[in-house]
Amino acid sequence: MFWLKRNLPRLVIAPSFGVLAWFVYGFILWTIYISFTKSKLLPQYKFWGIDQYFRLWSMDRWHVAVENLFIFTILFLILCIFIGIVLAILLDQKIRAEGFLRTIYLYPMALSFIVTGTAWKWILNPTLGIEKFARDIGFETFTFDWLTTPGMSIYTIVIAGVWQSSGFIMAIFLAGLRSVDDEIIKAAKIDGANLVSIYTKIILPMMRPVFMSAIVILVHLAIKSYDLVIALTAGGPGISSDMPAVFMTQMAFHRSEIGLASASAIMMFLTVSAIVVPYLYSELKREDERK
Amino acid sequence: MKKIIIAILAMSLVPSLSYAGPKAEVLHWWTSGGEAKALKVLKDDFAAKGGEWLDMPVAGGGGDAAMQTLKARIVANDAPAAAQIKGPTIQAYDREGVVAPYNIDAVAKAEGWDKLLSKQVASHMKCDDGKAYCAAPVNIHRIDWFWANKKVLDSNGIKMPTSWAEFNAAADKLQAKGIIPLAHGSQPWQDATVFEAVALGIGGNDFYRKAFVDADVATLSGSTMKKVFDQMRKLKSYTDEGSPGRDWNVATAMVMEGKAAFQLMGDWAKGEFAAAGLKPDVDYYCASTPSDNGYLYNVDSFIFYKVKGSDKVEGQKLLASLMMGKNFQKVFNIYKGSIPARLDVSMDDFDKCAKKSNSDLNTAAKKGGLLPSFAHGMTLELGVKGAIQDVVTEHFNSNMSSDDAVKKLASAVKAAI
């Protein structure tokens, strides 16, 4: 009885831990192994070496996808955080109808990326959306055809992604701002600091953990971005707005290149780990220090 | 009490012991109006023969989730009875060892499919080095079609083109009048569809065979291929700026409304015209794209995997036999816009375009122009096909020169083989 009492929490956790270990970490290991095989249509288990990685990095399309990933991630990160902070600071000024405005900014988050992508596809389509509207009301030379211009289409994905996610980032920062002690702000005011320097020199530096969570959330959203690309551009025009996640799905399920797809999945996995692992490490270390 | 328990146990055992009747789980992409109606014919036939049909429809053209499920189930040794798989992918599955022991081969031999199908179609349906049937064909789609708005063409004094030069002249004339010459949706598969028709027309039948059946690198990077890319660049200038990403049926609607003059698309486009109540030669023209008696075909088919249990094997046999049935082949193809794969189905009830398709097919077969469509996965491994498609769509949607395009084509194909 005593044994049961002491071990009950472990027993309760054990099944979900086992499931998690198998379906997450087990399959990660499986994917790593498959990326070293010649698997085409179905998985094969004969070891082949790292040729799939050579093939992957010799493909133009993969280079396009990786380049797009960097463009998208960097712009998405900077714009979301910038807009999120500005909105959060503005909302933090104890304004009227704050709850209502907050809901409006947060609302895009309630939509799936598929809906966002489809809506923006119509808005940005030169023969249906903004360009046509501007031309119809008299600006006949107005041109906004990024969606159908190779090399620019990736920026339309940034626009739609930022529209969707910046409200959420605002909410994170707003929560962070609310947790800042009023006394600090009052003290700074007594010392004669103006509002701008209170925010830039005192409050924002205090919100380091909030920045970290925002960055990790945004980066993993960016690397995994699949549905938004599919709904908005489907990787087009041509292959100009391809992204690694789209590339991987294409290879695995349309092209019968499971080995190559696994290699690209592992590349994505390494990219995510490169960002998330140091973050987790530093966070956990800090918690240890607090103890 | 004891007796009751025994009785209950006995009863619960009965269903698993008795023979349950043929059973088939079918994975397919036919969810749109006409296709669903046509498939119902098959389902009803199947039910009438005492079979139990488990439907696995996949909505939408992409079918990522379905392919994922299909592969997972095959790996788990629990494949569905039949799945809509075509072209060399059938033989690729066979090489993975998930198709043998070819349950439907006995049916095919008993019904004499070798006589009911043309040699070329039959070859796509056979596994085990062409020894055993492992798939059943349902239709033959032609890819290299031009669809055109009759009113627009007639009022501008334009006839259906018989050479690409003629098409270019007609397109220039139309463009000068403010009509979009070519309704096109620039999605990778649509770009590839246009590309293969152009390659067939400009390069000829042997060129097409060398490039897209044999994947001969010298042909893919040769001077004829450059001319094909040159023509693609011209065609790009005949499309409108809303073209990238447009769905094919939206492009077909542009032709119907007279906004655009031509569309190059397989004969499923006819279904759109028919659904709008339009008739060939009255409202629209159908003609093959310019080529030397070429004919690019796509044969939709169902592969029959290895399954366990006699009820499932019986289900596969019944399904295969019904799919090749005269009734289904006729009704289905009238709805679908294609022509029957089975040779002895009367073409009387089909429209003019389908009759043309049928007679062109026979001519092409005699003159060596009957060729598998690469854009629709009837030739080349999917990886090689995808590599070609990437270059084609990248070229079409950028300022890439034809020289660079052929170089890229050669290196992409080499990497994919």
Side-chain angles (χ1 to χ4, degrees), chain A residues 39-45 51 54-62 64 117 121-122 124-129 131-132 143 145-151 153 156 226-227 230-242 246-261, chain B residues 62-72 74-75 85 88-89 91-98 180 185-191 239-247 250 254 259 377 381-387 389-400 408 411-412 414-416:
Chain A
S39 303
K40 284 250 176 199
L41 191 62
L42 295 174
Q44 288 169 359
Y45 297 99
D51 293 44
F54 281 114
R55 283 185 67 202
L56 181 69
W57 285 101
S58 74
M59 285 177 82
D60 280 348
R61 188 172 166 175
W62 174 250
V64 171
K121 183 172 154 183
W122 292 332
L124 295 169
N125 186 312
T127 53
L128 296 171
E131 182 177 306
K132 183 171 188 299
T143 308
D145 56 356
W146 287 9
L147 186 69
T148 56
T149 312
S153 53
T156 63
Y226 170 75
D227 32 12
I230 289 296
L232 188 58
T233 65
I239 52 169
S240 60
S241 62
D242 204 10
V246 179
F247 176 94
M248 185 201 73
T249 322
Q250 279 274 325
M251 292 302 148
F253 301 112
H254 293 289
R255 301 234 175 134
S256 300
E257 293 272 16
I258 287 186
L260 190 66
Chain B
D64 283 336
M67 288 312 284
Q68 228 160 327
T69 318
L70 178 66
K71 287 186 179 177
I74 292 171
V75 172
I85 300 285
T89 315
Q91 286 78 29
Y93 272 115
D94 184 38
R95 285 195 296 276
E96 302 280 354
V98 296
I180 302 166
S186 199
Q187 296 170 337
W189 73 269
Q190 293 188 55
D191 294 340
T239 62
D240 63 317
E241 64 166 350
S243 154
R246 179 187 284 143
D247 286 323
V250 179
M254 287 167 66
K259 269 197 231 159
E381 268 188 38
L382 292 176
V384 181
K385 177 221 154 187
Q389 185 171 295
D390 281 349
V391 177
V392 168
T393 190
E394 202 186 345
H395 167 268
F396 197 71
N397 285 291
S398 67
N399 301 319
M400 196 192 288
K408 271 199 164 188
S411 69
K414 264 187 224 158

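In what follows, chains are A, B, ... by sequence order, proteins preceding strands, each numbered from 1. Basis for what follows: all heavy atoms, side chains included, without hydrogens, waters or symmetry-related copies. Worth saying up front: this structure is predicted, and the values here are computed from it rather than measured.
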| message | Tell me whether A:S39 contacts the main-chain N or O of A:I258 through its side chain, where contact means a donor paired with an acceptor under 3.5 Å. | response | no

| said: Does any backbone or side-chain atom of A:D60 lie under 4.5 Å from a heavy atom of chain B? Answer side chain, backbone, both or neither. | reply: side chain

| Say you draw a straight line from OG of B:S186 to CG of B:D240; how long is it, rounded to the nearest 0.5 Å? | 10.5 Å

| Under a 4.0 Å N-O cut-off, is there an ion pair linking B:E96 with A:K40? | no

| note | Counting heavy-atom pairs under 4.5 Å with chain B, the top scorer among A:I239, A:L42, A:L147 is A:L42

| Looking at B:K385 and B:D390, does any basic side-chain N land under 4.0 Å from a carboxylate oxygen? | no

| task | Select, from A:K121, A:M251, A:M59, A:E131, the one with the greatest count of heavy-atom pairs under 4.5 Å involving chain B. | result | A:E131

| request: Counting only heavy atoms closer than 4.5 Å, note whether B:E381 contacts chain A via side chain, backbone, both or neither. | output: side chain

| note | Ranking A:T127, A:T149, A:T148 by heavy-atom pairs under 4.5 Å to chain B gives rank one to A:T148

| query | Is chain A contacted by the side chain of B:V392, its backbone, both, or neither, given a heavy-atom distance below 4.5 Å? | reply | neither

| request: Sort out for me which of B:A387, B:P244, B:A412 touches chain A most, counting heavy-atom pairs under 4.5 Å. | output: B:P244

| Ion pair present between A:R61 and B:E394, side-chain N to carboxylate O less than 4.0 angstrom? | no

| query | Could A:R55 and A:E257 be called an ion pair, given the rule that one side-chain N must be under 4.0 Å from one carboxylate O? | reply | yes

| message | Given heavy-atom pairs under 4.5 angstrom as the criterion, report whether the side chain, backbone, both or neither of B:S411 touches chain A. | response | neither

